[in-house]
Structures are given as C-alpha cells and as structure tokens.
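Given the structure is predicted, the values throughout are model-derived calculations rather than measurements.
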Amino acid sequence: MKSVNGEFIQGTAKKDSRLKKFGVRAGAGAMALMGSASALANAGDPVKDQINTAVATGQANYTLVVVGVIALCAISFGLGLLAKRLSN
C-alpha cells in the first residue's frame, strides 16, 4: 500500500490500466447503443402509427353510432307522439 498525504491508496495502477483497456470499448458500445435507440425513437414506428389511426377511426365510428342512436330515439319519440295525437 502506498500512502499519499496520510491516505492509503492501493492498486491504482492496475485499476487505471483496466479502465484504459475496457473503458474505451464500453464507452463506445454505450454510445452506439444510445445512438441507435434515439434513432429508433425518432423514426416513425409503423405499428404505432397504425394503432393510432385505428383508435382515431374507432372514436369517429363511436361518435357516429351515438349520434345515430340519439337521432333514432328522437325520431321514434316524435312519430309516437304524433301518432298518439292523431288517434285522439
């Protein structure tokens, strides 16, 4: 063990050489992985786009069905009221 200013340091040369040997490779690999992940995130995902399109279409169809049911109820109520008035 070496002592520098009263603090013991051991094996720093070995750790530094490992960092130099593997640190550059690990850093390059991490940067490549992050770069490819951000490239995929920015690219349009066709499956996600199809799902979003299907959801929007489904919401439009749901709105159309609700409006149709309300209109059918209003028409049937109006015709029923008219038939009731004409029969009296």
Side-chain angles (χ1 to χ4, degrees):
M1 284 196 265
K2 297 180 182 177
S3 174
V4 176
N5 294 333
E7 296 178 13
F8 289 105
I9 302 172
Q10 89 184 46
T12 56
K14 190 173 186 179
K15 288 180 184 177
D16 289 341
S17 66
R18 287 183 187 166
L19 183 61
K20 287 179 186 176
K21 184 176 180 182
F22 297 112
V24 174
R25 291 181 190 160
M31 291 302 288
L33 182 63
M34 287 180 191
S36 65
S38 65
L40 288 175
N42 291 337
D45 186 13
V47 174
K48 187 175 181 181
D49 293 341
Q50 289 293 328
I51 290 172
N52 289 338
T53 303
V55 167
T57 305
Q59 288 174 344
N61 288 340
Y62 182 77
T63 302
L64 185 62
V65 168
V66 168
V67 169
V69 167
I70 291 172
L72 185 62
C73 290
I75 290 171
S76 63
F77 177 76
L79 288 176
L81 189 63
L82 181 65
K84 190 178 194 181
R85 295 270 181 170
L86 289 175
S87 67
N88 286 340

* Asked: Is it the case that one hydrophobic cluster holds both I70 and Y62, taking links as side-chain heavy atoms less than 4.5 Å apart, direct or via other members?
  -> yes

* Of all residues at least two apart in sequence or in a different chain, which pass the side-chain contact (heavy atoms from CB on, under 4.5 Å) check with V69? -> V65, C73

* Joint hydrophobic cluster, I75 plus V67, side-chain heavy atoms closer than 4.5 Å -> no

